[in-house]
Amino acid sequence: MFKVSRALLCAAAMTMASLTQAADPIVIKFAHVVAENTPKGQGALLFKKLVEERLAGKVKVEVYANSSLFGDGKEMEALLLGDVQMLAPSLAKFEQYTKQTQLYDLPFLFNDLAAVDRFQEGPQGKALLSSMDDKGIHGLAYWHNGLKQLSSNKPLHDPKDARGLKFRVQASSVLEAQFVALHANPRKMGFNEVYQGLQTGTVNGTENTWSNYESQKVNEVQKYFTESNHGLIDYMVITNVKFWNGLPPDIRTELEKILAEVTVEVNKQAEALNQTAKQKIIDAHTSEIIVLTPEQRAAWRETMRPVWDKFSAEIGPDLIKAADESNKAP
Ligand code: LMR
């Protein structure tokens, strides 16, 4: 009798073990549009590494860089359909889902990344992570890239130099308005179309960070960069609300812990990655980098600034005020 029940117990234990072993790991597809040697590209890879170390056999992360799974225009829809579980779109790409994140596109809003950190760590910044929950999209973290510089096939010193030029912009009404304020012609294009657009002359210029320029070889097709630091490229790491809430709680907690660690690392490295990319562009001798005088920079600021009033009601004046105040060091 004892022997039988022991044998039965053994068999049951073996079945349990093989069931656990056979259980497929949860797969998280993490897609993005930039190269791997950028702040976001590095962040996605670090997330994969830590998850696969700490949740080995339980969670598998597949990273798809360079729009290789979904590009701009398709990735958010794919997230809602469950074809991808994590994305980190630029904050300029959410206006279809929330008007509040348009805040981040206002020209000359943040003086530096420290001010961005202060805002994002405050109550209003944190609340924006949940601003699309009712649409099925939840923000898990903010990752930095950096401040934007202008690029063009003609030198841009003063705002009037941009008149009549065609500029590629992300899918953002604020960024469109910013170039209209310069009497230029904005054109919304996906990130993976930028190089060709500049090469063929569909557009004459654009705005982005040094790391995005260098990793996409934009310096091969642009003679001039103007170090304007006039705006921000920053990301929201997002997931599908149903997917995230459906995860076993212990796994979700561990993923959140890992993501918090990765976020610290990405945000610590972002500025250095951009400076390295800028140096590579300098060393390539393909393009001239224009440094603005304080007066010239003030002129760009003044020309672009009316955009704030145009979008103030949609974004919310209190939100703009809170972001602006984060420029004051505590
Ligand atoms: C762009 O489209 O210029 C950026 O959003 C790309 C990115 O994700 O950094």
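Whatever order the structure lists them in is the order used to number ligands and atoms, beginning at 1.
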Derivation of the salt bridge (charged side-chain N to carboxylate O under 4.0 Å, His left out) call for Glu254 and Lys257: CA-CA 5 Å; Glu254 186 59 29; Lys257 235 170 80 188; 3.7 Å; yes

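- For an aromatic pair to be called close, the ring centres must be under 6.0 Å apart, and Trp210 with Phe225 satisfies this.
- Other residues, nucleotides and ligands contribute at most 12 non-hydrogen atoms within 6.0 Å of the NZ atom of Lys74.
- Ring centroid separation for the pair Phe94 and Tyr104 does not come in under the 6.0 Å cut-off.
- Applying the salt bridge (charged side-chain N to carboxylate O under 4.0 Å, His left out) definition to pairs two or more places apart or across chains, those involving residues 179-204 are Glu176-Lys188.
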Measure and list all N/O to N/O distances between ligand 1 and the protein that fall under 3.5 angstrom.
unit_1   : atom_1 : unit_2 : atom_2 : d
ligand 1 : 2 (O)  : Lys93  : NZ     : 2.8
ligand 1 : 2 (O)  : Arg168 : NH1    : 3.4
ligand 1 : 2 (O)  : Arg168 : NH2    : 2.9
ligand 1 : 3 (O)  : Arg168 : NH1    : 2.7
ligand 1 : 3 (O)  : Asn208 : ND2    : 2.8
ligand 1 : 5 (O)  : Lys93  : NZ     : 2.9
ligand 1 : 5 (O)  : Gln170 : OE1    : 2.7
ligand 1 : 8 (O)  : Lys40  : NZ     : 2.7
ligand 1 : 9 (O)  : Asn212 : ND2    : 2.9
ligand 1 : 9 (O)  : Tyr235 : OH     : 2.4

Working note: Lys278 + Glu227, criterion salt bridge (charged side-chain N to carboxylate O under 4.0 Å, His left out); need CA distance, chi angles, decisive distance, verdict. CA-CA 10 Å; Lys278 176 185 166 187; Glu227 195 163 41; 2.9 Å; yes

